[in-house]
Amino acid sequence: MAMQKVAAIYDIHGNLPALEAVLEDICRENVDCIIVGGDVAWGPDPAGVMDCLLRLPGDVRFLRGNADREVAGRYGVEQGLEQWVAQINQWCADQLNDAQLAFLRKLPEKVSLHIDRLGSVLFVHGSPRSDEEAIREDTSESEIRPMLEGVTEDIVVCGHTHVQFDRRIGGKRVINPGSVGLQSSARGACWALFGPDVELRETSYDVKAAAERILRTGVPMAEEFAQHVLNPPMKGP
Ligand SMILES: [Mn+2]
């Protein structure tokens with residue numbers, strides 16, 4: 001059955017206050033489905049975010065991001081993670097229970113839907129061929145074309161790089177909803193609404209309260225996470 005309205009929330013990265021603010025906005029939109037686009041738990045409040053997402057009513061479809069794979073598999077420096085990423089990764093895995101880790105381990109890498117007036121939409125985390133391949137606003141078309149090879153959908157939705165964009169490449173529309181919890185080039189929590197058109201949305205939330213909360217979590221590099229939320233990196237001119 002084709003859907004009328006779908007919300008995409010990507011790269012939540014353990015930021016529960018940002019997620020809650022976005023879910024309030026989504027609630028007002030009467031969506032048929034929410035796509036959770038990966039990288040949910042790696043961040044300051046892995047358990048809070050997982051509890052919230054797994055309690056959501058209605059049609060919620062998850063796909064797996066690279067960080068979900070890394071948290072669920074307890075990746076360390078041996079698996080190629082940088083030291084600081086590995087340290088946070090282990091801490092995040094320790095915050096989750098076995099059922100939550102098993103849930104992350106079993107997620108699919110892509111979700112495909114048909115949305116009225118938009119057409120077929122493929123949701124992935126990085127690119128259609130890799131959960132850690134980046135597609136950015138300024139990635140060249142010649143780099144992106146091979147990533148889209150074999151994709152039959154009209155629209156590709158990808159995340160991972162944490163900055164919103166809406167591009168047209170080789171007859172396809174490629175969209176990044178931005179990051180809910182670890183945003184760049186935006187002050188608020190970013191997401192996207194699909195149907196009948198595509199809306200890139202930014203939900204403001206109390207970043208000061210969120211930062212204070214982060215400092216109490218015990219996550220490694222809490223100060224850096226708090227600073228990121230208070231002052232997200234902005235793109236140069
Ligand atoms: Mn990612």
Ignoring hydrogens and angles, tell me if any N or O in the side chain of D45 forms a donor-acceptor pair with the backbone of N15 under 3.5 Å.
no
Are E133 and H160 side-chain neighbours, meaning at least one heavy-atom pair lies under 4.5 Å?
no
Any side-chain heavy-atom pair of P17 and D206 under 4.5 Å:
no
Sub-3.5 Å donor-acceptor pair from the side chain of D154 to the main-chain atoms of S120, do we have one?
yes
Where the side chain of Q227 meets the backbone of N231, is there a donor-acceptor pair that is under 3.5 Å apart?
no
Does the side chain of L148 reach to within under 4.5 Å of the side chain of V174, using non-hydrogen atoms?
yes
Are K208 and E212 close enough, and set up right, to give a salt bridge (charged side-chain N to carboxylate O under 4.0 Å, His left out), and what steps lead you there?
CA-CA 6 Å; K208 204 158 166 279; E212 280 162 14; 3.8 Å; yes
Is any side-chain heavy atom of P44 closer than 4.5 Å to a side-chain heavy atom of V229?
no
Please determine whether side chain to side chain contact (heavy atoms under 4.5 Å, CB included) holds for the pair L96 and L104, giving the CA-CA distance in whole Å, both sets of side-chain angles, and the decisive distance to 0.1 Å.
CA-CA 10 Å; L96 302 179; L104 290 179; 3.8 Å; yes
With sequence neighbours excluded, residues passing ring pair (Phe, Tyr, Trp, His ring centres under 6.0 Å) with F62:
F103
Answer yes or no: is there a side-chain heavy-atom contact under 4.5 Å between V71 and V40?
no
Under 3.5 Å, sequence neighbours excluded: what are the donor-acceptor pairs made by side chains of residues 217-225?
{"from": "T217", "atom 1": "OG1", "to": "I214", "atom 2": "O", "distance (Å)": "2.7"}
{"from": "T217", "atom 1": "OG1", "to": "V219", "atom 2": "N", "distance (Å)": "3.2"}

Could you grab the distance from atom CG of L63 to atom CG of D131, nearest 0.5 Å is fine?
10.0 Å
Is the shortest heavy-atom distance from the side chain of D25 to the side chain of Y205 under 4.5 Å?
no
Check whether any side-chain heavy atom of Y10 sits under 4.5 Å from a side-chain heavy atom of C158, and report yes or no.
no
Start with the C-alpha gap between R136 and N176, add the side-chain angles, then the distance that decides, and say whether side chain to side chain contact (heavy atoms under 4.5 Å, CB included) holds.
CA-CA 8 Å; R136 300 176 198 279; N176 189 320; over 6 Å; no
Determine whether a donor-acceptor pair (N or O, by modelled atom type, separation under 3.5 Å) exists between the side chain of E202 and the backbone of R187.
yes
Okay, side chain of E137, backbone of D166: is any donor-acceptor separation there less than 3.5 Å?
no
Side chain H125, main chain G37, donor-acceptor under 3.5 Å:
yes
Can a donor-acceptor pair be found between the side chains of Q4 and D116 at a distance below 3.5 Å?
yes
Short question: side chain of S204, backbone of G188 - any donor-acceptor pair under 3.5 Å?
no
Set of salt bridge (Lys or Arg N to Asp or Glu O under 4.0 Å) partners for E29, sequence neighbours left out
K5, R201
Looking only at non-hydrogen atoms, find the nearest pair between A7 and W191 and report the distance.
CB-CZ3, 4.1 Å
Which one of I26, V198, V31 satisfies the side-chain contact (heavy atoms from CB on, under 4.5 Å) criterion with L193?
V31
Applying ring pair (Phe, Tyr, Trp, His ring centres under 6.0 Å) to H13 and not counting sequence neighbours gives W42, H162
Identify, with sequence neighbours excluded, every residue that meets ring pair (Phe, Tyr, Trp, His ring centres under 6.0 Å) alongside F123.
F194
Can a donor-acceptor pair be found, under 3.5 Å and without considering hydrogens, that links the side chain of D68 to the backbone of L107?
no
Would you mind checking if E149 and R145 are paired as a salt bridge, meaning a charged N to carboxylate O distance below 4.0 Å?
no
Non-hydrogen side-chain atoms of Q164 and Q183 separated by less than 4.5 Å:
no
Residues forming a side chain to side chain donor-acceptor pair (under 3.5 Å) with E153, sequence neighbours excluded
S112
Would you call D94 and R74 a salt bridge, using N to O less than 4.0 angstrom?
yes
